[in-house]
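To start, the structure itself, in structure tokens.
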Amino acid sequence: MSQEARSNLAQAEDYLRRFRSEPLLHWIDGQPAASTASETFENCSPIDGASLGWVSQGEADDISRAAAAAGLAFEAWRSTPGTERKRVLHRVADAITDRAQEIALCESLDTGQPIRFMSQAAIRGAANFRFFADQAPRVGDGLSLPATEHVNYSTRQPIGPVGVITPWNTPFMLSTWKIAPALAAGCTVVHKPAEWSPITAALLAEIASEAGLPDGVFNVVNGMGETAGKALTQHPAIKAIAFVGESSTGSAIQAQSAPTLKRLHFELGGKNPVLVFDDADLERALDAVVFMIYSLNGERCTSSSRVLIQESIRAEFEDRLAQRVLALKVGDPLDPETEVGPMIHPRHTAKVRSYRSVAATEGATVVCGTSVEEGPADNWVNPTLFTGATNGMRIAQEEIFGPVLTSVAFEDEADAVAKANDIAYGLAGYVWTADGGRAHRVARDLDVGMVWVNSQNVRHLPTPFGGMKASGIGRDGGDWSIDFYTETKNVAVSYGQHSIPRMGVDQR
Ligand code: NAD
């Protein structure tokens, strides 16, 4: 272990010490709260399997307590002037920034995500809070739609207490992306973080409270998806669910929440194509392809996990890809040099590794990078490249969610688009070409929610983020987020002269 990794570990251990002496609790009505049933579960490090402490395991009762707190706090929070909500949310952003290093190190240790990427986790989380804080004063704004006989105007009002359910891949950044707009809109929130990465959700609750967010406005209940998560999606006081996770979980949530007719927003899985045409700037394309699949351990919804390469350049591009894969620095996530860290959990490691034999059985070529040589836990997956694949293979169709890239050849533009679209998912697509007309044609024809042309995924907060098909329902970002957390109301006021049909007048 390098000196820097050792010092990061010592500091992370320091931050986590308090979660070792007593369980990490829920956050309900402005304070830490144990589960009604006093159950806990163990949270283990992806690095060495060591215990990071015990976590309160929430059940339906705990969700009910949190939903009640969110319900009680709702009237006051929705009536708080938008300018004041803006001020409080900026204070939350300031407090996140003050504790950025703590958040980054805890996140890295809890998830196995390399610190070189997680060092931005808090900064991006704070940016999410600031962006949506600035929208708080105008969330009620609507349209004026005058008609001949009526003045019509629309307004928006917060939908009520909402549930936010998040996954483990980049939990802090991702949850702020959901929670900040809900709070800006005037909703109160119950957050159910992923059971494999609970730590930074607890930090956010504490930080927000210390920054002045009123009690009950933001609550956190830890626990399993099938119990705590399910109870949240079924609770009648919760008016909407913003969910990020697997497509199959999205289906389950849709069924669970049907009896209470909840509004749903889903950000689900992906198997995102990156199309590399033979006229592209291949060096930049190579950088982007490698970054978009092997950064964040490949545990990234928008990862470019399927590279479609024009046949005329396929062999050369795959060679260069393989060289990069073999040179990736795999190691301790707390080491700033590390590019690929361990998978989050042994169950996920087994799933990701299983695709190596799937690839071999399907007849693809398996190119593997180095494995980590030290570390007692066995959560490292050698960065992997599958070449010689066809689009119908499981390795080209299924979301693996690890540092694994599948390469498929295409002949021409039509073939590229057909292969890109021949899949259940539709989250993101990446296009590399020097031909401007082709860039626009392909962007138009891809069945995905987001296209990046000659670029890796660079997020711009005002733009819509989300997927088509099995990748999601709804969009985040800009006003799309605010729209999800608000109800639109139209008010029609007569000028006083329009005719009103008279009934019961001439019948006697
Ligand atoms: P997951 O669906 O297993 O779990 C996500 C969350 O849902 C967890 O908090 C879990 O406890 C909860 N959950 C599970 N079952 C539930 C149920 N029946 N009712 C309510 N809640 C339930 O996903 P994961 O394995 O944690 O995360 C990886 C997935 O997330 C990948 O598919 C990835 O593509 C997706 N993801 C999508 C985006 C996006 O923006 N589209 C972003 C990040 C991750």
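Counting starts at 1 for both ligands and their atoms, following the listed order. Just so it is clear, the values below take in all heavy atoms, side chains as well, and ignore hydrogens, waters and symmetry mates.
When every heavy atom of Ala104 is checked against every heavy atom of Ser119, the shortest pair comes out as CB-CA, 3.9 Å.
Residue His348 is tested with Trp380, Trp196, Trp168 for a ring-ring contact (aromatic ring centres under 6.0 Å, His included); the sole match is Trp168.
A donor-acceptor distance shorter than 3.5 angstrom exists from the side chain of Arg475 to the backbone of Gly467, with no hydrogens or angles considered. Judged by distance alone, the side chain of Thr188 and the main-chain N or O of Ala70 form a donor-acceptor pair under 3.5 Å. The main-chain N or O of Asp332 is found under 3.5 Å from a side-chain atom of Thr338 such that the two form a donor-acceptor pair. Here the side chain of Lys192 pairs no donor or acceptor atom with the backbone of Val221 at under 3.5 angstrom.
Distance remark: protein heavy atom not present below 4.0 angstrom from atom 4 (O) of ligand 1.
Close approach to Asn169 involves these atoms of ligand 1, each under 4.0 Å from a residue heavy atom: 43 (C), 44 (C). Per-residue contacts place Pro193 under 4.0 angstrom from the following atoms of ligand 1 (heavy atoms of the residue considered): 9 (O). Taking every non-hydrogen atom of Leu174 and a distance limit under 4.0 Å, the qualifying atoms of ligand 1 come out as 43 (C). Those atoms of ligand 1 with a heavy atom of Gln256 less than 4.0 angstrom away are 17 (C), 18 (N), 19 (N), 20 (C).
Ligand 1 has a nitrogen or oxygen under 3.5 angstrom from a nitrogen or oxygen of Thr166. At under 3.5 Å, not a single nitrogen or oxygen of Phe465, backbone or side chain, sits near a nitrogen or oxygen of ligand 1.
In terms of protein heavy atoms, atom 36 (N) of ligand 1 is closest to Cys301 CB, 3.7 Å. Regarding atom 23 (O) of ligand 1, its nearest protein heavy-atom neighbour is Glu246 N, 3.5 Å. Looking at atom 12 (C) of ligand 1, its nearest protein heavy atom turns out to be Ile165 CG2, 3.6 Å. Atom 2 (O) of ligand 1 has as its closest protein heavy atom Thr249 OG1, 2.6 Å. The protein heavy atom nearest to atom 34 (O) of ligand 1 is Glu399 OE2, 2.5 Å. Here the heavy atom of the protein found nearest to atom 17 (C) of ligand 1 is Gly225 O, 3.4 Å. For atom 41 (N) of ligand 1, the closest non-hydrogen atom of the protein is Leu268 O, 2.7 Å. At the top of the distance list for atom 24 (P) of ligand 1, counting protein heavy atoms only, stands Trp168 NE1, 3.3 Å.
Within a 6.0 Å radius of CZ in Arg124, no more than 12 heavy atoms belonging to other residues, nucleotides or ligands are found. Remark: Lys230 NZ is loosely packed, at most 12 non-hydrogen atoms of other residues, nucleotides or ligands lying under 6.0 Å away.
Of the charged side-chain nitrogens involved, none lies within less than 4.0 Å of a carboxylate oxygen, so that Glu487 and Lys239 do not count as a salt-bridged pair. For the pair Arg284 and Asp287, the salt-bridge criterion is not met [side-chain N within less than 4.0 Å of a carboxylate O].
Under a 4.0 Å heavy-atom criterion, Phe243 is in contact with ligand 1.
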